[in-house]
2 protein chains.
Amino acid sequence: MNRQRVRLIDVAEAAGVSRATASRVLSGSPRHVDPVLAERVWAVARRIGYRPHVSARALRTGQTGTIGIVVPTLTNPYFVALAEAFAGESRDRGADLLIADSRNDVESEAAHLRRLTDGRVDAIAIVPVSYEDSGAALVEARDAVPLAQVDRRTRDGNTAAIVLDNITGVRLLIEHLREAGRERIAYVGAETASSSGAERLAAFTDIAGEHAPVTVVSEFSTSAGREAARHLLDSTTDIDAIVCGADVLAVGVHSTLQRSGVSLPGDIALVSFDDSELLELTDPPITSLSPPVGEIARRTTELLMGEGDAWREPSVERLVPGLAIRESTQPHR
Amino acid sequence: MNRQRVRLIDVAEAAGVSRATASRVLSGSPRHVDPVLAERVWAVARRIGYRPHVSARALRTGQTGTIGIVVPTLTNPYFVALAEAFAGESRDRGADLLIADSRNDVESEAAHLRRLTDGRVDAIAIVPVSYEDSGAALVEARDAVPLAQVDRRTRDGNTAAIVLDNITGVRLLIEHLREAGRERIAYVGAETASSSGAERLAAFTDIAGEHAPVTVVSEFSTSAGREAARHLLDSTTDIDAIVCGADVLAVGVHSTLQRSGVSLPGDIALVSFDDSELLELTDPPITSLSPPVGEIARRTTELLMGEGDAWREPSVERLVPGLAIRESTQPHR
DNA sequence: GTGAAAGCGCTAACAC
DNA sequence: GTGTTAGCGCTTTCAC
């Protein structure tokens, strides 16, 4: 048998007060209640195991105490790290986090946004799947609930966005490579459907020079990374370093280089972007930018849950990443 | 401005019917409504963008249309795969999935269970963190809502459990290794805090023989795998194959072997358990059992959402895994 | 400082 | 087949 729920009225009766008072003690404004009564209510509530019914509370207050995060895929450890950072941040604010996985699919992303805005969450942080195609669903959602874009942006999402400072990031990587004696640097990125992909590519061309070789593959995946590396090796270009636009690509590139007998970091140095755990698994481990996920989560949550409508203003806040140096960029000796 | 929610009454008025009729059309029992009216209601609802308020509906019906899954960590790609399988299954049944991450922490797991049972979900599937210590929270939760254990069990969780058939699994792995000419097989597993860990270890000793070397590390992590491999190499035991109790361990073992100049699969063959994407990233890719995540999700959801109280009966259903053969077990030539 | 009572948006008896 | 109405559990005026 399912045990019957303990309701507020059960607490109130057992404590000899009205529902109103019990409610004030347990949630509303405890300071407007006689401390003696308050303690009695608490004691009873604890004893009989009262826990408020979230739907009832949400229906009454219009607040769910939950924030939602929508990521392109949980298959990418970087987004898992991001989600966990948001989980920590929510917890600190006494809120819950609801994680949704778009499976890299705009339709599925739109469906999630619709469901989340059906009174399920107070605010939404979203890493949009597509720069071009995610916008419509975002706009609809942001009319229902505070919403901010994270890590990537859409063309017409029209909300605040908290992203990586990709230009500084690329500069950090290239400077690091040059200090390690690398001069002929190539770039491997996925198609520019995401804003971060496009920014990284543009920054690379800008800083490394127009003639630096660039390989763009069609998706963020390890096999795409493998392909890209094969392509680079086949082309005659003589390179001594590769910058990868995402960790999953880097791991693929690494794998192909290894198999082709290219020595890392002897022949080619390798760097990547997201600093997920994947990069420590390879041999040698891969140097990477380390995105400030904690700070991203903090700033975004602040924006969404704080006073005011700052999230409503289309804007871009760029957070500067650190650099996690590993063996894949040991200097030439 | 947040657009005002469209409520049922707005639809009803615009369609010239009562809330009851509108409700019947949009959710309850459409067949008891005049088809002409019904179509009118639908048309209006679509036009003005009606979407039911989940809290209000949940409060009234006692049903949330959401099922919850609690996993030890999303850092382990196997649990991500499991969660995605449940997401698919829920979607097929018109339900939502709420993913919670225990961060390998019993306290945090208990907190999640408490929150989920505060009227947030209709049923819970959980991969418990600890065989010994997760039970209490499970029991409390299963008094509030249908709950089933998945992939791992607790000592006193007292619900149905859908797990891998670890004995058959270990047998498959060892047979495969023996067919590939391996005879001196070692095992690397994490501490037996989880039921699956314990079962795998026991099955290994049973099948490979009492004297087969076993290394037990303290946690499921890549660095623990590295340690274990170092330990195996240091000990004088002469082995030609290693069975790992989890993918993250296997990747760590692989990394240490590589660095120590051990040839795979030449000197040592390597196999693992969860068949997550990690295993395809290594060089050589690692052979693994492939757990039937889809089937696990299907059976569990069936049990939870179906008629009856089958989930309430302490029971264990063991599903047989497949075998994904990769280069790490190429036969001796 | 405390209680009575209204009502959040929805569905399900119950009447017609 | 359709409408009227009560009420899910909670918070919050409003009156005292």
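Every chain is numbered from 1, with letters handed out A, B, ... down the list of sequences.
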**For chain B, the stretch of DNA chain D it reaches, first to last nucleotide, under 4.0 Å of its heavy atoms** =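 Using the under 4.0 Å cut-off, the span is D:dG1 to D:dG9.
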Would you indicate whether A:R31, at its atom CZ, is surrounded by more than 12 heavy atoms from other residues, nucleotides or ligands within a distance under 6.0 Å?
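Check fails, neighbour count at 12 or below.
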When you look at CD of A:E39, are more than 12 heavy atoms from neighbouring residues, nucleotides or ligands closer to it than 6.0 Å?
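For A:E39, atom CD is crowded (more than 12 foreign heavy atoms under 6.0 Å).
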#### Entry: Along DNA chain D (nearest heavy atom to each residue), the more 5'-positioned of B:V17 and A:H53
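Looking at DNA chain D, the more 5' nearest nucleotide goes with B:V17.
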### Message
Reading DNA chain C from 5' onward, which residue's closest nucleotide shows up sooner: B:R19 or A:T21?
### Response
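Final value for this comparison: A:T21.
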Close approaches to DNA chain C from residues 25-43 of chain A, in residue order (heavy atom, under 4.0 Å)
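Per residue number, the list reads A:H32, A:V33, A:D34, A:L37.
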**OP:** For the pair B:S194 (side chain) and B:G197 (backbone), establish whether a donor and an acceptor sit closer than 3.5 Å, ignoring hydrogens and angles.
**Re:**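 Judged by distance alone, yes, a pair lies under 3.5 Å.
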**Side chain B:S195, main chain B:R153, donor-acceptor under 3.5 Å** =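 Flag set: sc B:S195 to bb B:R153 pair under 3.5 Å.
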Over all strands shown, is A:S23 touching base, sugar-phosphate only, or nothing at heavy-atom distances under 4.0 angstrom?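 The answer is base, as A:S23 lies within the cut-off (heavy atoms under 4.0 Å) of a base atom.
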Report for the helix from C:dG1-D:dC16 to C:dC16-D:dG1: angle between first-end and last-end helix axes, five pairs each, rounded to 10 degrees.
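Overall, the helix from C:dG1-D:dC16 to C:dC16-D:dG1 bends by 40° from one end axis to the other.
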Inset, instruction - Answer yes or no: is there a side-chain heavy-atom contact under 4.5 Å between A:R103 and A:L74? - result: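 No - every pair of side-chain heavy atoms lies 4.5 Å or more apart.
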Open item on the list: Tell me which pairs pass side-chain hydrogen bond (donor to acceptor under 3.5 Å, both in side chains) where either residue lies in residues 56-65 of chain A, with sequence neighbours left out.
Closed with: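 Listed once each, the pairs are A:T64-A:D122.
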Do B:R51 and A:T117 have side-chain N/O donor and acceptor atoms under 3.5 Å apart?
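Judged by distance alone, the side chains do pair up.
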**Asked** Does the side chain of A:T301 pick up a donor-acceptor pair with the side chain of A:E89 at under 3.5 Å?
**Response**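 Checked: A:T301/A:E89 side chains show no N/O donor-acceptor pair below 3.5 Å.
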- Begin from the C-alpha positions of A:V70 and A:V127 and carry the test side-chain contact (heavy atoms from CB on, under 4.5 Å) through to its verdict. CA-CA 6 Å; A:V70 183; A:V127 183; over 6 Å; no
Show your working on side-chain contact (heavy atoms from CB on, under 4.5 Å) between A:D151 and A:V163 and close with a plain yes or no. CA-CA 4 Å; A:D151 188 68; A:V163 302; 5.7 Å; no
Chain A footprint on DNA chain C, 5' to 3' - any atom under 4.0 Å from a heavy atom: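 Nucleotide range with atoms under 4.0 Å of chain A: C:dG1 to C:dG9.
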**Q.** For B:D101, salt bridge (charged side-chain N to carboxylate O under 4.0 Å, His left out) partners two or more places apart
**A.**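 With neighbours one apart ignored, the set is empty.
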Could you tell me whether B:R115 and B:D118 have a side-chain N and a carboxylate O separated by less than 4.0 Å?
->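 No salt bridge links B:R115 with B:D118.
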- [ ] For a side-chain contact (heavy atoms from CB on, under 4.5 Å) with B:F79, tell me which candidate from B:I69, B:V293, B:I99, B:V71 qualifies.
- [x]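 Option passing the side-chain contact (heavy atoms from CB on, under 4.5 Å) with B:F79: B:V71.
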